[in-house]
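For clarity, every value in this text was computed on a predicted model and none was experimentally measured. Every chain is numbered from 1, with letters handed out A, B, ... down the list of sequences.
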Number of protein chains: 4
Amino acid sequence: MAHTVREKHKLLARVRRIRGQVEAIERALDAELGCERVMHLLASTRAAMAGLMAEVVEDHVRIHLVDPETHPGALNAEAAEQLLAVVRTYLK
Amino acid sequence: MAHTVREKHKLLARVRRIRGQVEAIERALDAELGCERVMHLLASTRAAMAGLMAEVVEDHVRIHLVDPETHPGALNAEAAEQLLAVVRTYLK
Amino acid sequence: MAHTVREKHKLLARVRRIRGQVEAIERALDAELGCERVMHLLASTRAAMAGLMAEVVEDHVRIHLVDPETHPGALNAEAAEQLLAVVRTYLK
Amino acid sequence: MAHTVREKHKLLARVRRIRGQVEAIERALDAELGCERVMHLLASTRAAMAGLMAEVVEDHVRIHLVDPETHPGALNAEAAEQLLAVVRTYLK
């Protein structure tokens with residue numbers, strides 16, 4: 001994944017936050033904190049994972065669908081944005 | 001949407017089938033056929049709509065992200081297929 | 001579905017609105033209005049169907065999981081509300 | 001959560017497997033293994049989380065919606081099964 005260093009750090013920060021959320025689910029189950037608490041934690045972890053997926057898909061579209069070095073200007077930016085808007089809606 | 005005539009007919013046939021499914025939900029509610037029946041019809045209509053969305057997204061990626069006439073060969077076919085595989089998984 | 005007349009009318013109004021949305025998708029495809037327009041219409045129709053499903057599930061939980069006539073007070077209202085909150089989150 | 005010891009162990013085993021999957025995503029991002037690999041890992045982690053949520057919701061319906069000690073037989077088992085079938089479909 002030819003990401004910039006900054007993008008990589010952002011994605012890693014996101015996935016580490018998700019790991020923390022999964023550990024919180026584990027602790028909640030272990031401490032028998034109640035279905036409600038566990039369902040709530042699961043729902044917010046799922047939302048965080050959807051956000052990460054949206055970001056990875058966005059990188060994939062911007063970096064890999066068209067190689068900007070060999071085909072500069074080939075990607076229709078408006079059509080890409082429309083696609084990503086749909087993806088984000090469905091990932092929620 | 002610069003679709004071929006054949007693609008257009010296929011999409012129209014799909015959306016008409018979905019309209020028939022929505023009409024079946026309407027009849028089921030009107031005839032008070034029971035939550036179970038209505039929930040089942042809703043779930044299969046939703047699956048049919050996801051299938052239509054997947055097809056429209058696929059057309060969008062293949063036809064609009066890169067204009068094949070002005071930028072032949074610019075779309076990375078393998079990367080596009082990976083993207084569509086993810087979209088299909090999430091649309092289910 | 002032992003719904004009140006008022007509930008039935010509300011559900012029927014919702015499903016008719018959804019039918020209208022599906023007909024708009026059909027017209028958009030027929031008039032070749034563009035993937036973007038069709039994707040947008042599909043996304044909002046799906047949201048409307050999720051809303052209808054949430055309402056039917058809610059009725060199902062409130063009316064059918066426990067018969068309020070033979071088992072008055074048996075349904076834990078708080079636990080039912082927690083369940084429906086999760087269902088609504090996932091149906092979005 | 002008044003789960004049996006056996007249920008608790010099953011849920012904990014599931015969440016630990018999910019933690020392992022999230023750690024694999026972290027390693028894949030760190031090693032720059034490619035969007036495709038990351039998207040694939042994210043999709044299977046999401047499916048595992050949906051499975052865990054379905055199980056917690058199932059416990060919630062069976063144990064908390066109706067207290068089986070104070071209201072034995074009040075939960076309509078068939079209606080509960082129909083509800084859970086819908087929940088499982090939408091969680092996928």
Compile a table of inter-chain donor-acceptor pairs under 3.5 Å between chain C and chain D, counting both main-chain and side-chain atoms.
| unit_1 | atom_1 | unit_2 | atom_2 | d |
| --- | --- | --- | --- | --- |
| C:His60 | NE2 | D:Ala79 | O | 2.9 |
| C:Leu65 | O | D:Asn76 | N | 2.7 |
| C:Asn76 | N | D:Leu65 | O | 2.7 |
| C:Ala79 | O | D:His60 | NE2 | 2.9 |

Check your understanding: What part of D:Pro72 gets closer than 4.5 Å to chain C, counting heavy atoms only: side chain, backbone, both or neither?
Key -> backbone
Exercise for review: Take C:Val61 and D:Val61 through the test side chain to side chain contact (heavy atoms under 4.5 Å, CB included) and record every step on the way to the result.
Suggested key: CA-CA 10 Å; C:Val61 169; D:Val61 169; over 6 Å; no
Exercise for review: Could you tell me whether the side chain of D:Val56 reaches within less than 4.5 Å of the side chain of C:Val86, counting heavy atoms only?
Suggested key: no
Point to revise | Toward chain D, the part of C:Val66 with a non-hydrogen atom under 4.5 Å | key: both
Point to revise | Gap between atom CG of D:Leu83 and atom CG of C:Leu83 - 0.5 Å precision | key: 6.0 Å
